[in-house]
Amino acid sequence: MPVEILSAATSSCLPVWLIGKGGVDASDMPGTAKAWARSNGFDGAASAFLVLPGADGELAGALFGLGANDDPLIYGKLAAALPEGAWKLADAPAQPNLALLGLLLGSYRFGKYLAADKPAKIFLAAPKGADAAAVARLAEAVTLARDMVNTPANDMGPEAIEKTARAVAARFKSKVKVTTGPQLLKRNFPMIHAVGRAASEAPRLIDFTWGPKGAPKVTLVGKGVAFDTGGLDIKPSSGMLLMKKDMGGAANVLALAMLIMGEKLNVRLRVLIPAVENSISASAFRPGDILPSRKGLTVEIGNTDAEGRLILADALALADEESPDLLIDMATLTGAARVALGPDLPPFYTDDDSFAHELTQASEQVCDPLWRMPLWKPYERKLNSKIANTNNVTTDGFAGSITAALFLRKFVGKAKVWAHFDIFAWNPVEKPHAPVGGEAQAIRAIFQVLKQRYPA
């Protein structure tokens, strides 16, 4: 990250005055600074930025406009505007943790493929009241998810997803078990194998655990489709342009796992990532095929482009076998979710009203948008098949995100609480705290709930 947090302000730190819309006169900054602001037309509009010159012509500070904006993550714009050097906030933000998080996230740049990309180095004293260490862990986790999603599929295939998962697990002294290729059939993961068998890199199921055995069981399952052509029901070229992000569920689950382990929450964490590429070759699974599943249900394939739910189903069935206290899956699962709620508001599904209420409250507390959607039981019949236990898609195209969630619920029965998150994992337009590109969605809200339920 180009912003480095200082534990305390030093004499070299220049002040940044935080100004609301039209609030220059009300600020307690020096009179010369007020005069400079007026002469430059600075009125505190949201994200407005103005440097203050000193008597010797060098920088003496800066002004940053908050406007009437109630988004505490607006400070991400400040990270992009500040010149290189050491800075401190002259005023205390209303929500110091979120302000600092916005600053760190707003400084993110994906420069892996830009040899000359060397952003300015900013040193910032942590705002008063901020838990700098906790915020830094959040920013690091979001960065991991963004980097994974932004990396193209030629460098983030199933093998690279496994390598990343191994690195995260090793950092917290957790051993990884991986079931690969034909072993998937021997160990009863037939749908993971079927979806990924056409690709040059073998499909796999990544599995690691962390924490004391006697602690509450929290299991995370992430969709790891490294690239999705749509299979034999091939997508148009325009539909493939962002399909490197179809492993966004896996990226977000690994980021959330980092937070859980970094905070040392009192849980027995298990992470399951089915990692595949939905490719096309002579061995690709076909529309009309009937696949067995780990759960024992047979699945008629109505569309090979609805592959994510198939690999999740086998992983969820495995997770469910040990009756976890909380089972969460995350996936870039349906375009229908984006049609319903847009790219910034991921839907989640659960039968547990208490967990849903906690998530909704946490979402507002940490500015991580979520919206509960219904598991509408009458729609289950849309998944009926005449020759198998279920189809993987409906035929009418309605309620696609709901019916996908209902499909997944068929493979969960023993977990005390289950929740499904249909995320986009992508920012199509720039935000104050985020450039266009891969994004972590829902993990900060989930983590907030987990901290409250299972404190260290």
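Only heavy atoms go into these numbers, but all of them, side chains included; no hydrogens, no water, no symmetry mates.
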Run the side-chain contact (heavy atoms from CB on, under 4.5 Å) check on Met261 and Val168 step by step: do they pass? CA-CA 10 Å; Met261 295 186 289; Val168 170; 3.9 Å; yes

Would you sort out whether Lys244 and Thr151 count as a side-chain contact (heavy atoms from CB on, under 4.5 Å), showing the intermediate values? CA-CA 7 Å; Lys244 68 177 183 179; Thr151 301; over 6 Å; no

Evaluate the side-chain contact (heavy atoms from CB on, under 4.5 Å) criterion for residues Arg270 and Asp207: first the C-alpha distance (whole Å), next the side-chain angles of each, then the deciding distance (0.1 Å), finally the verdict. CA-CA 7 Å; Arg270 188 178 191 184; Asp207 183 354; 2.8 Å; yes

Could you walk me through whether Arg453 and Phe355 satisfy the side-chain contact (heavy atoms from CB on, under 4.5 Å) test, starting with their C-alpha distance in whole Å, then the side-chain angles of each, then the deciding distance to 0.1 Å, before giving a yes or no? CA-CA 10 Å; Arg453 284 194 167 203; Phe355 185 63; 3.8 Å; yes

Stepwise salt bridge (Lys or Arg N to Asp or Glu O under 4.0 Å) test for Lys451 and Glu263: CA-CA 8 Å; Lys451 285 197 299 181; Glu263 191 80 10; 5.2 Å; no

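Atom CG of Leu100 and atom CD1 of Ile5 lie 4.5 Å apart (nearest 0.5 Å). Here CG of Leu318 is found 11.5 Å from CZ of Arg187. Values are rounded to the nearest 0.5 Å. Put simply, CH2 on Trp87 and CZ on Phe64 are 12.5 Å apart, with the number rounded to the nearest 0.5 Å. Interatomic distance, Ile273 CD1 to Ile192 CD1, rounded to the nearest 0.5 Å: 11.5 Å. Separating the CD1 atom in Ile19 from the CG atom in Asp43 is a distance of 10.5 Å, to the nearest 0.5 Å. The line from CD1 of Ile443 to CG of Leu138 is 8.0 Å long, rounded to the nearest 0.5 Å.
A donor-acceptor pair under 3.5 Å is formed between the side chain of Asp91 and the backbone N or O of Leu18. At least one donor-acceptor pair under 3.5 Å links the side chain of Glu84 to the backbone N or O of Lys121. Side-chain atoms of Lys245 come within 3.5 Å of backbone atoms of Phe424 as a donor-acceptor pair (strictly under, hydrogens ignored). Here the side chain of Arg294 pairs a donor or acceptor atom with the backbone of Asn188 at under 3.5 angstrom. A donor-acceptor pair under 3.5 Å links the side-chain atoms of Thr360 to the main chain of Ala356, judged by distance alone. Between the side chain of Asp368 and the backbone N or O of Ala445 there is at least one donor-acceptor pair closer than 3.5 Å. Looking at Asn266, its side chain never comes within 3.5 Å of a backbone N or O of Ala215 through a donor-acceptor pair.
Within the 4.5 Å cutoff, no side-chain heavy atoms of Lys382 are placed close to those of Leu406. The shortest side-chain heavy-atom distance between Tyr75 and Leu98 does not fall under the 4.5 Å cut-off. Using a 4.5 Å cut-off on side-chain heavy atoms (C-beta onward), Tyr454 and Leu326 make contact. Looking at Glu439 and Val142, their side chains come closer than 4.5 Å, going by heavy atoms from C-beta outward. Side chains of Ile234 and Met240 form a contact here, defined as non-hydrogen atoms less than 4.5 Å apart. Inter-residue side-chain proximity for Leu220 and Leu269 is flagged as met; some heavy-atom pair is nearer than 4.5 Å. You'll find the side chain of Leu450 reaches within 4.5 Å of the side chain of Ile446, heavy atoms only. Annotation: side chain of Leu6 is in contact with side chain of Cys13 (closest heavy-atom distance under 4.5 Å).
The residues Arg409 and Glu380 are annotated as salt-bridged, a charged nitrogen and a carboxylate oxygen being separated by less than 4.0 angstrom. Between Lys112 and Asp147, none of the side-chain N atoms (NZ, or NE/NH1/NH2) sits under 4.0 Å from a carboxylate O, so this pair counts as no salt bridge. With respect to Arg372 and Asp353, a salt bridge is recorded, a charged nitrogen being found less than 4.0 Å from a carboxylate O. A salt bridge is absent between Lys163 and Glu201: the closest approach of a Lys/Arg side-chain nitrogen to an acidic carboxylate oxygen does not fall below 4.0 angstrom.
The shortest non-hydrogen separation linking Val299 to Asn391 is CG1-C, 4.3 Å. Between Leu105 and Ala139, the closest heavy-atom pair is CD2-CA, 4.0 Å. Between Gln441 and Pro343, the shortest heavy-atom distance links the atoms NE2-O, 3.0 Å. What you find for Val3 and Leu103 is that their closest heavy atoms are CG2-O, 4.2 Å. Residues Val149 and Gly248 come closest through the heavy atom pair CG2-CA, 3.9 Å. Of all heavy-atom pairs between Ala405 and Trp418, the closest is O-CH2, 3.5 Å.
Ring geometry for Phe411 against Phe407 counts as tilted: the plane angle lies between 30° and 60°, on a 0 to 90° scale. Aromatic ring orientation, Phe348 versus Phe421: parallel (interplanar angle below 30°, classes split at 30° and 60°).
Screening Asp246, Val225, Ile423, Asp422 for a side chain to side chain contact (heavy atoms under 4.5 Å, CB included) with Leu333, the sole residue that qualifies is Asp422. Partner Asp228 forms a side-chain hydrogen bond (donor to acceptor under 3.5 Å, both in side chains) with one of Thr332, Asn278, Thr304 and no other, that one being Asn278.
Judged by a 6.0 Å distance limit and a 45° cone about the ring axis, Arg146 is positioned over the six-membered ring of Tyr108.
For the residue pair Ser401 / Tyr349, a side-chain donor-acceptor distance below 3.5 Å is found, with atom types taken as modelled.
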